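Heads up: the structure comes next, in structure tokens.
Please read these numbers as outputs of a predicted model, since none were measured by experiment.
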Amino acid sequence: MSAQVWTRPDLSRQPHLKDLNDSLHELRLNAGLPSARGIRDRIGKDTQNFYIVNHQAILDAFQKPDLPQLARLDLIVRALSEIARRDEDATANRFDGLWKLAASEAVTQAHTGVPDDATAQDEGAEDDAPGDLSLEPLKALIINAAQSLWDDKDALRVFLGVVRRSEGFAKMADALEEHRPANATFYGVQSHEFSVPNSSARSELVSLHRLLRTHRLKNRWSFTDMERETRISAHRWIRWYTLDELPDREALIAFSNAARLQLEDRTMMLGLWNAARENLGWRARLEALPSTIGFDEAWEMRPSTASRLWVLAGVGGDPLAAHGPDLATGTVPAFTIAGPAGSGRSTALTTVARSLMAGGVRILLIAPRPSPLRALAGQGSVMGCIDRKDFERREVEEALDTATREDPVVIVMDDAEVLADSGASSVLRHLLLHGFDEGTALVAAGEEQALDQSLKWLSELTKAHRGLLLAPQVPTSGRLIGSASVRLSSFSDRSAPGRGWLHLGEGSLLAVAVPRSS
């Protein structure tokens with residue numbers, strides 16, 4: 001089925017909403033015009049196997065002349081950014097700003113009696129408040145105050161009398177006296193009420209808070225109202241909004257029932273809660289790791305039943321123990337170490353090489369760029385070190401031809417992305433296919449994004465479904481180590497070098513600290 005351009009709604013009277021809608025259509029165009037079902041699939045399902053956003057809701061966000069739900073918009077934007085290979089957080093932040101302007105525009109039009117075409121003002125009129133974006137925070141605060149004072153008519157009358165002293169807000173005061181407004185704290189004003197500190201679950205917490213806020217405002221609930229409706233104290237709701245912690249799951253269920261959420265929103269809310277809890281747990285496990293540990297100390301922690309081809313990747317768990325793959329088992333005789341520059345991947349690779357040397361396994365080093373790996377040349381069971389990019393196929397074949405299942409040979413390769421078009425590509429691809437039978441294996445380290453985008457022989461590494469990911473920066477990097485369903489980027493910013501996530505093909509991730517190689 002060919003890609004289709006979707007119909008755009010008529011938003012000529014809502015310029016900010018039009019900017020938001022036009023930008024959303026442009027982002028879809030940059031992503032190759034994926035279908036609504038394609039975007040739905042990219043957003044994914046929750047833990048109960050329900051789609052988080054259905055395809056009709058996605059179509060509505062593009063084609064209906066209404067302000068889309070912010071949490072839903074954020075999921076759509078992030079999915080399209082991922083497809084278009086855009087900076088996901090930067091794009092989401094840009095759309096967040098567009099949404100705020102569109103929301104403020106909607107509030108102004110709803111509560112001030114200003115014509116939709118706000119630019120058509122009388123010549124010489126002094127009421128310039130509706131068209132001045134710098135006054136949006138003040139208008140939002142006025143609306144908030146009116147909402148809070150609604151039940152105290154005397155106080156409300158006094159307050160609106162003060163507001164009327166500014167001719168620019170007279171119409172707003174008249175409108176507010178007639179109709180109780182929805183709370184507008186979020187529209188155009190920075191408020192600590194909804195701020196979420198940077199954390200391992202910031203993305204999920206922000207999305208969860210937005211979803212709660214959307215339905216809180218829809219029901220015109222204050223935090224006191226939420227206490228009455230959910231039997232959860234207002235203090236706890238405010239604390240969950242302002243601190244880096246999760247609401248209780250039972251509180252979200254109570255809110256869902258009180259607000260009579262549809263299945264889609266209920267599923268989205270609980271899915272975000274599960275993801276946030278998991279990310280916060282991962283961060284805690286990272287922070288519990290030792291700040292530093294030497295190779296010799298870590299090597300003593302290895303399993304007593306470890307084979308010769310077991311390699312040390314890191315230490316972690318409770319109690320603390322050494323962990324790593326056995327290159328003699330698995331789906332492919334390979335192990336991947338991925339991470340950005342400065343994440344400690346060369347150190348991790350050197351640790352792997354030393355563990356193989358400690359077991360008496362012969363290794364061939366390949367380091368086309370300067371690397372700590374080169375310092376091992378000439379030591380112990382090191383057969384040689386190829387330190388350039390343009391090496392010949394025969395140089396690798398000569399080492400591998402001596403391998404047997406009883407006396408294996410392992411290639412330890414740094415900066416693997418540089419060798420995507422290597423003359424030895426066919427030999428390396430053959431190793432990945434037949435290494436178990438021939439007594440050969442490969443441990444490769446490389447730059448995370450380059451490995452993720454490679455379509456050459458390096459793509460075969462993912463079939464091993466195991467690896468070590470250090471300070472991940474790309475949401476899809478989990479697939480490099482066999483954990484494609486895990487979004488790791490949300491807690492990568494503060495990850496210390498030499499700490500990462502180990503996957504050994506069993507479906508679960510383990511936080512590990514990489515031992516110092518010297």
Side-chain angles (χ1 to χ4, degrees), residues 1 3-9 11 14 16-46 49-103 105-106 186 194 196 202-215 217-218 261-276 474-476 485 487 489-490:
M1 182 180 295
Q4 296 186 9
V5 177
W6 292 336
T7 303
R8 302 191 186 197
L11 300 170
Q14 298 168 280
H16 291 306
L17 183 55
K18 186 177 187 303
D19 286 345
L20 173 63
N21 188 264
D22 288 345
S23 297
L24 192 58
H25 280 276
E26 182 181 357
L27 180 59
R28 177 175 175 257
L29 177 62
N30 292 333
L33 297 177
S35 67
R37 286 184 171 83
I39 299 172
R40 176 200 66 185
D41 293 343
R42 175 70 65 161
I43 294 173
K45 298 181 179 181
D46 70 345
N49 208 35
F50 289 108
Y51 284 111
I52 294 174
V53 181
N54 65 46
H55 74 281
Q56 187 58 55
I58 293 170
L59 283 172
D60 290 347
F62 283 86
Q63 297 183 318
K64 281 194 172 183
D66 303 317
L67 184 66
Q69 183 187 97
L70 183 56
R72 181 178 299 157
L73 176 68
D74 185 71
L75 291 170
I76 293 172
V77 166
R78 289 182 180 276
L80 290 173
S81 299
E82 187 176 322
I83 297 172
R85 293 190 178 276
R86 297 290 182 87
D87 186 317
E88 189 173 319
D89 289 332
T91 305
N93 288 338
R94 180 170 68 87
F95 273 86
D96 184 88
L98 292 172
W99 189 92
K100 289 180 183 179
L101 290 176
E105 175 182 68
F186 185 69
F194 300 115
V196 177
R202 185 179 188 280
S203 175
E204 291 81 6
L205 285 173
V206 168
S207 297
L208 181 58
H209 289 183
R210 287 173 179 169
L211 188 59
L212 282 168
R213 180 183 58 249
T214 296
H215 291 287
L217 297 181
K218 181 178 179 181
L261 298 191
Q262 296 181 355
L263 177 61
E264 176 188 334
D265 290 330
R266 185 188 297 259
T267 299
M268 183 188 300
M269 184 176 291
L270 295 179
L272 289 169
W273 186 89
N274 287 333
V474 180
T476 57
S485 61
R487 298 182 66 85
S489 64
S490 58

Straight-line distance of His215 NE2 to Leu217 CG, nearest 0.5 Å: 10.5 Å
Residues which pass side-chain hydrogen bond (donor to acceptor under 3.5 Å, both in side chains) with Arg86, listed by chain and number, not counting sequence neighbours: none
Side-chain heavy atoms of Leu208 within contact of Met269, under 4.5 Å: yes
Approximate separation, where rounding is to 0.5 Å, of His209 NE2 and Leu211 CG: 11.0 Å
Residues in side-chain contact (heavy atoms from CB on, under 4.5 Å) contact with Leu75, at least two apart in sequence or another chain: Ile43, Ile52, Val53, Met268
Atom pairs and distances, donor-acceptor, side-chain atoms in residues 56-73, under 3.5 Å, two or more places apart:
{"unit_1": "Gln56", "atom_1": "NE2", "unit_2": "Asp60", "atom_2": "OD1", "d": "3.1"}
{"unit_1": "Arg72", "atom_1": "NE", "unit_2": "Glu264", "atom_2": "OE2", "d": "3.3"}
{"unit_1": "Arg72", "atom_1": "NH2", "unit_2": "Glu264", "atom_2": "OE2", "d": "2.9"}

Asn274 (side chain) donor-acceptor with Leu270 (main chain) under 3.5 angstrom: yes
Sequence neighbours left out, cut at 3.5 Å: what donor-acceptor pairs do the side chains of residues 30-39 make with other protein atoms?
{"unit_1": "Asn30", "atom_1": "ND2", "unit_2": "Glu26", "atom_2": "O", "d": "3.4"}
{"unit_1": "Ser35", "atom_1": "OG", "unit_2": "Gly38", "atom_2": "N", "d": "2.9"}
{"unit_1": "Arg37", "atom_1": "NH2", "unit_2": "His55", "atom_2": "NE2", "d": "3.4"}

Set of side-chain hydrogen bond (donor to acceptor under 3.5 Å, both in side chains) partners for Arg94, sequence neighbours left out: none
Ile76 side chain near Phe95 side chain, heavy-atom distance below 4.5 Å: no
Nearest-0.5 Å distance that lies between atom CG in Asn93 and atom CG in Leu98: 11.0 Å
Presence of salt bridge, Asp265 and Lys218, under 4.0 angstrom: no
